[in-house]
Amino acid sequence: MSKRILVFSGAGVSAESGVKTFRDYDGLWENHRIEDVATPEAWNRNQKLVLDFYNQRRRQLNEVFPNEAHIAIAGLEKNYHVDVVTQNVDDLHERAGSTKVVHLHGELKKVRSTSDKSLIYNWEGDLNAGDKCELGSQLRPHIVWFGEALNQDFLLSAKNAAEQADICIIVGTSLLVFPAAEIPFYIQQNCKLFVIDPKANELNLPIKGKNVFLIPKKASAGMKEVVEWLRENGQ
Ligand code: OAD
């Protein structure tokens, strides 16, 4: 039976594709304060600003491509059972070929009803005021904003993936946003943990000791190192 790998990713895995991270730019995200664009209050205050902001993010997806890190992660499926649990709302893991991806914080290419959150639709272009669900309510980005609950089924399946993992790769996340950042804390003590992040040494990690490999590099170089290590060590 093939070994199980959990990849837990954040904005840093997409940085080399040209997608900005959240906390590397003086608290601003694409020139906006997070609370102005990524909270229910922001939506209630200025729907147009929030729609425009996510329309720009959605348009940006057409201009960016998976990088070597996404591709290496997808390539792991040749030899392992791989669960990708991502905080990212882009679709770069899927476009690289990963087949099991859980998006804890939603997806840019989906929208949902403001009156019934189970009504979720695929969406490619801009979302505008007046775009409505089948019940006649305004549609909103399918993003988990600050102060909103995560999908409990997704959280559960992510925790299960962590508990069962033989190998965990944390890549490109500050591990600062909860409850998402709890997920890697469900791995077992004997799980091999790789942490890829230029700031790897500063992160608060789930386990300590000989099974932890800190790789203070960018995602693509770090993933290359992990793939080589797995091959050389017969994992
Ligand atoms: P952060 O911006 O908090 O962290 C990004 C991490 O990536 C940092 O630790 C950087 O050091 C690292 N990094 C930067 N460039 C990198 C590269 N080229 N390769 C590898 N790592 C790199 O992003 P997240 O941890 O993803 O939520 O943030 C978590 C959540 O906070 C996001 O999902 C988002 C945000 O608010 C929502 O929008 C709901």
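When reading the values below, keep in mind they use all heavy atoms of this one structure, side chains included, and skip hydrogens, waters and symmetry mates. What you see is a predicted model, and the numbers here were worked out from it, not measured in a lab. This chain uses plain numbering: 1 for the first residue, then up along the sequence.
- Nearest approach of Arg140 to Leu127, heavy atoms of both residues: C-CD2, 3.6 Å.
- From Gln164, atom CD reaches atom CD1 of Ile187 across 13.5 Å, with rounding to the nearest 0.5 Å.
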Item to complete: May I have the step-by-step check of side-chain contact (heavy atoms from CB on, under 4.5 Å) for Tyr54 and Val89, ending in yes or no?
Response: CA-CA 10 Å; Tyr54 284 100; Val89 295; 5.6 Å; no
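- For the atom pair CG (Leu6) and OH (Tyr186), the distance works out to 13.0 Å, reported to the nearest 0.5 Å.
- A salt bridge between Glu77 and Lys3 is absent, with no side-chain N of the basic residue lying under 4.0 Å from a carboxylate O of the acidic one.
- Here Arg33 pairs with Glu35 in a salt bridge; the nearest charged N to carboxylate O distance falls below 4.0 Å.
- Follow the hydrophobic side-chain contacts under 4.5 Å out from Ile170 and you reach Leu214 in the same cluster.
- Note: His32 and Phe53 meet the aromatic proximity criterion, with ring centroids under 6.0 Å apart.
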Practice prompt. Kindly indicate, with the supporting measurements, whether the criterion side-chain contact (heavy atoms from CB on, under 4.5 Å) is fulfilled by Phe213 and Val226.
Written response: CA-CA 9 Å; Phe213 303 84; Val226 172; over 6 Å; no
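- Looking at Lys218 and Glu16, no side-chain N of the basic residue comes within less than 4.0 Å of a carboxylate O on the acidic one, giving no salt bridge.
- Under the 4.5 Å side-chain heavy-atom criterion for ILVMFWY residues, no single connected hydrophobic cluster contains both Ile167 and Leu193.
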Worksheet item: Would Ile5 and Cys168 count as a side-chain contact (heavy atoms from CB on, under 4.5 Å) if you check the C-alpha gap in whole Å, the side-chain angles of each, and the deciding distance to 0.1 Å?
Response: CA-CA 6 Å; Ile5 299 187; Cys168 173; over 6 Å; no
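- By the 6.0 Å contact criterion, CG on Asn31 is open, its count of non-hydrogen atoms from other residues, nucleotides or ligands being 12 or less.
- Residues Leu175 and Leu205 have side chains in contact (heavy-atom distance under 4.5 Å, counting atoms from C-beta outward).
- Across all their heavy atoms, Phe146 and Pro40 have their closest contact at O-CD, 3.1 Å.
- By the 6.0 Å and 45° rule, Arg112 does not stack over the aromatic ring of Trp123.
- Judged by distance alone, the side chains of Ser9 and Gln87 never bring a donor and an acceptor atom under 3.5 Å apart.
- Under 4.0 Å is where a charged nitrogen must lie from a carboxylate oxygen, and between Arg4 and Asp83 at least one such pair does.
- If you take CG on Asp90 and NE2 on His93, they are separated by 7.0 Å, rounding to the nearest 0.5 Å.
- Counting non-hydrogen atoms of other residues, nucleotides and ligands closer than 6.0 Å to NZ of Lys109 gives a total above 12.
- For Ile71 against Pro66, the heavy-atom pair with the smallest separation is CD1-O, 4.2 Å.
- The shortest side-chain heavy-atom distance between Ser113 and Ser137 falls under the 4.5 Å cut-off.
- Residues Ile183 and Lys159 share a closest heavy-atom pair of CD1-CG, 3.8 Å.
- Cluster membership check: Val13 does not share its hydrophobic cluster with Leu104, using side-chain heavy-atom separations under 4.5 Å among Ile, Leu, Val, Met, Phe, Trp and Tyr.
- In this structure, Arg59 pairs ionically with Asp126, as a charged nitrogen and a carboxylate oxygen lie closer than 4.0 Å.
- With a 4.5 Å cut-off on side-chain heavy atoms, Glu41 and Trp145 do not count as touching.
- Transitive grouping of hydrophobic side chains (ILVMFWY, heavy atoms separated by less than 4.5 Å) brings Val171 and Phe194 into a common cluster.
- How far CD1 of Ile143 is from CD of Glu148: 10.0 Å, rounded to the nearest 0.5 Å.
- Smallest separation of non-hydrogen atoms from Ser220 and Glu68: CB-CB, 3.7 Å.
- The only option from His70, Lys100, His103 that meets the side chain to side chain donor-acceptor pair (under 3.5 Å) definition with Glu94 turns out to be His103.
- For the pairing with Tyr121, the side chain to side chain donor-acceptor pair (under 3.5 Å) check across Lys110, Glu134, His142 returns one residue only, Glu134.
- Between atom CG of residue Asn46 and atom CG of residue Asp52 there is a gap of 8.5 Å, rounded to the nearest 0.5 Å.
- Val195 is not connected to Met223 by any chain of hydrophobic side-chain contacts under 4.5 Å among Ile, Leu, Val, Met, Phe, Trp and Tyr, and they are in different clusters.
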Worksheet entry | Audit row: Ile73, Ile169, side-chain contact (heavy atoms from CB on, under 4.5 Å) steps and yes/no | CA-CA 9 Å; Ile73 291 165; Ile169 305 169; 5.9 Å; no
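- Ser17 approaches Asn67 most closely through the heavy-atom pair OG-ND2, 3.1 Å.
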